[in-house]
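Have a look at the structure below before the remarks.
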Amino acid sequence: MPAVVVIGAQWGDEGKGKIVDVLMEKADVVARYQGGHNAGHTVVIRDEKYVLHLIPSGILHKDKVCIIGNGVVIEPAALIEEVKGLQEKGVEVNKNLIISKGAHLIMPYHIVIDNEHEKAMGSKKIGTTGRGIGPAYVDKMARTGIRIADLYDPKTLREKLEANLVEINYMLENRYRMKGFTVEEISNRYREYAEEISHYVADTDIIINDMISENKNVLFEGAQGTLLDIDHGTYPYVTSSNAVAGGACTGLGVGPTKISRVLGVVKAYTTRVGGGPFPTEIKDAIGEGLRQRGGEFGATTGRPRRCGWLDFVGLRYASRVNGMTGIALTKLDILDGLDKIRVCTAYKYNGSIHYEFPKEFSLLEGSEPVYEEIEGWKESTTGIREFKRLPENAKQYVRKIEDTLEVLVDIISTGQRRDELIILRQEF
């Protein structure tokens, strides 16, 4: 039963796109299970950069099935634009992409509400991408959401829009002093979208379960990271869906007994975008150096990422809540040249030492990292493809991660390119 979930073990941006792309060499299908076009997965193939937001990065492989599951929220215009962008680069999309009928839609009013709410929050804003993802999930949970399937039932679509716009327009006009929407303008636009994407739409849960039954190699792909999970992340500075491995079950319609492995993608240091607590953040020249060398700017927004040392407190927590069976370690090469490397082994708060990731927001926000210092390496690791060729101190760093998390490192990425990596164990 070869079904593997790939998750981010930190605050996202760990390099999941490259890892999924690499694993697709042996996988038959990849399915995205949560998030929206706020995600940004970057893959570099022969110096050509591909930035994907909704479509799984497996689309860059010929004859591989790529599924967008029911747990994803879809803004149709963004999806269509992404498809066209890939086609312009010669990527085959029409034969390989499948979209769940059960996926919820991001509507125009979701985007407006997202941006206006962030403005109203002022200094306490979450730092969303402003693309309507959160409000779309709010409607999903409030049972007022509009799904892909509704696009093909004009009566249902109109009834839902009429009901939703009563409250939406009241809020826009009275709270934000903005013009509301009409049923006609939205329904007309979304009927056009429906025609453009109709040949992609299917019952994806049936397709995925059938492929698992046929013993196909199946890959489940999440967006964002564990510490941004709506239930298990640094709430309220989180995303609006379940990025952890369990989200693959609800976001795709697959039972937990069908999952064989969970691969946690871990960046060799830590980054975070937007607001929220970040105990190991480096606010000096070293942090800026990591940002520049690592190209730590959002693939979706271009925002600079906050950089910090590797945080074992958060990683132990991520390993536990995901049931990680292996690690894909990325951006090891970005640490090249540092005299000393720090790793956080615990948090200190009001004189007390904490080894577990805290649920209390004030405790996490006020915690100081307890560091262990490790010798760096001066040699370049960029492009190395064999573990034995790594500098000795780099090997020790990898072993430190394995020993601390009690999970083996299966893959090490040593550069941006698809072929710059070390494979220690196969997932399929």
Side-chain angles (χ1 to χ4, degrees), residues 12 32-40 53-54 68-82 99-100 102-122 124-151 156-183 185-187 189-190 193 223-224 228-231 233-243 247 250-251 273-276 298 300-301 303:
R32 167 88 176 273
Y33 62 83
Q34 51 80 218
H37 63 307
N38 55 342
H53 303 285
L54 275 168
I68 299 176
N70 59 274
V72 179
V73 290
I74 297 173
E75 205 282 295
L79 174 64
I80 292 166
E81 182 182 352
E82 190 169 334
I99 302 170
S100 172
H104 278 248
L105 290 160
I106 297 172
M107 308 304 289
Y109 46 80
H110 291 141
I111 299 169
V112 174
I113 291 169
D114 196 359
N115 284 284
E116 293 302 315
H117 181 70
E118 281 285 277
K119 290 178 188 175
M121 291 285 286
K124 294 186 178 181
K125 66 181 180 180
I126 301 298
T128 76
T129 57
R131 301 195 171 196
I133 282 83
Y137 277 114
V138 168
D139 278 7
K140 177 178 179 175
M141 294 304 167
R143 301 179 296 279
T144 60
I146 296 174
R147 305 194 296 173
I148 291 284
D150 298 328
L151 292 178
T156 298
L157 177 61
R158 187 172 188 88
E159 287 175 352
K160 286 191 171 185
L161 280 172
E162 286 175 346
N164 288 356
L165 288 180
V166 171
E167 185 175 343
I168 294 293
N169 284 343
Y170 181 85
M171 179 172 62
L172 292 177
E173 292 163 4
N174 291 277
R175 182 176 180 183
Y176 298 125
R177 307 299 177 190
M178 299 180 68
K179 182 183 175 182
F181 293 91
T182 68
V183 172
E185 66 177 305
I186 295 178
S187 60
R189 191 193 316 174
Y190 274 63
Y193 294 151
Q224 290 87 41
L228 290 176
D229 184 275
I230 186 68
D231 286 296
T234 52
Y235 192 90
Y237 292 90
V238 292
T239 195
S240 302
S241 56
N242 288 116
T250 54
V273 173
T300 298
T301 64
R303 289 184 296 180

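Note that CD1 of Ile99 and CZ of Arg32 are 12.0 Å apart. Values are rounded to the nearest 0.5 Å. Considering OG1 of Thr156 and CG of Leu151, their distance stands at 11.0 Å, rounded to 0.5 Å. Separation of atoms CD (Glu167) and CG (Asn169) is listed at 10.5 Å; rounding is to 0.5 Å. Summarising the geometry, atom CZ belonging to Arg143 is positioned 10.5 Å from atom CE belonging to Met141; distances are rounded to the nearest 0.5 Å. For the atom pair OG of Ser241 and NZ of Lys140, the computed distance is 8.0 Å after rounding to the nearest 0.5 Å.
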How far apart are the C-alpha atoms of Tyr109 and Ile186, what are their side-chain angles, what is the distance that settles it, and do they pass the side chain to side chain contact (heavy atoms under 4.5 Å, CB included) test? CA-CA 10 Å; Tyr109 46 80; Ile186 295 178; 3.9 Å; yes
Give the C-alpha distance, both sets of side-chain angles, the deciding distance and a yes or no for side chain to side chain contact (heavy atoms under 4.5 Å, CB included) between Val112 and Ile168. CA-CA 10 Å; Val112 174; Ile168 294 293; over 6 Å; no
Go through the steps to decide whether Leu79 and His37 satisfy the test side chain to side chain contact (heavy atoms under 4.5 Å, CB included), and finish with yes or no. CA-CA 8 Å; Leu79 174 64; His37 63 307; over 6 Å; no
Criterion side chain to side chain contact (heavy atoms under 4.5 Å, CB included) on Leu161 and Met107, from CA distance to verdict: CA-CA 10 Å; Leu161 280 172; Met107 308 304 289; 4.0 Å; yes
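For Glu159, the CD atom sits in a packed shell: over 12 heavy atoms of surrounding residues, nucleotides or ligands are nearer than 6.0 Å. A 6.0 Å sphere centred on CD of Glu173 holds more than 12 heavy atoms belonging to other residues, nucleotides or ligands.
Annotation: side chain of Asp229 is not in contact with side chain of Val238 (no heavy-atom distance under 4.5 Å). Between Pro108 and Tyr190 the shortest side-chain heavy-atom distance falls below 4.5 Å.
Contact detail for Tyr237 and Gly275: the closest heavy-atom pair is CD2-C, 3.4 Å. The shortest non-hydrogen separation linking Ile74 to Ala103 is CD1-CB, 3.8 Å. Taking every heavy atom of both residues into account, Asp114 and Gly132 meet most closely at OD2-N, 2.9 Å. Heavy atoms only, all atoms of each residue included: Val72 and Leu54 are closest at CG1-CD2, 3.7 Å. Of all the heavy atoms in Ile111 and Arg131, the pair that sits closest is CG1-O, 3.6 Å. Residue Ala243 comes nearest to Ala223 through the heavy atom pair CB-O, 3.5 Å, listed as atom of the first residue, atom of the second, then distance.
Although no hydrogens or angles enter the test, the distance criterion places a donor-acceptor pair under 3.5 Å between the side chain of Asn70 and the main chain of Thr250. A donor-acceptor distance shorter than 3.5 angstrom exists from the side chain of Tyr137 to the backbone of Gly35, with no hydrogens or angles considered. For the pair Arg175 (side chain) and Arg177 (backbone), a donor-acceptor distance under 3.5 Å is absent. Asn242 contributes no side-chain N or O that, together with a main-chain N or O of Gln34, makes up a donor-acceptor pair within less than 3.5 Å. The closest donor-acceptor contact from the side chain of Lys160 to the backbone of Gly145 lies under 3.5 Å. A donor-acceptor contact shorter than 3.5 Å is absent between the side chain of Gln224 and the backbone of Thr239. Remark: the backbone N or O of Leu157 is not paired with any side-chain donor or acceptor of Asp150 at under 3.5 angstrom.
Between the side chains of His110 and Asp139, at least one donor N or O sits under 3.5 Å from an acceptor N or O.
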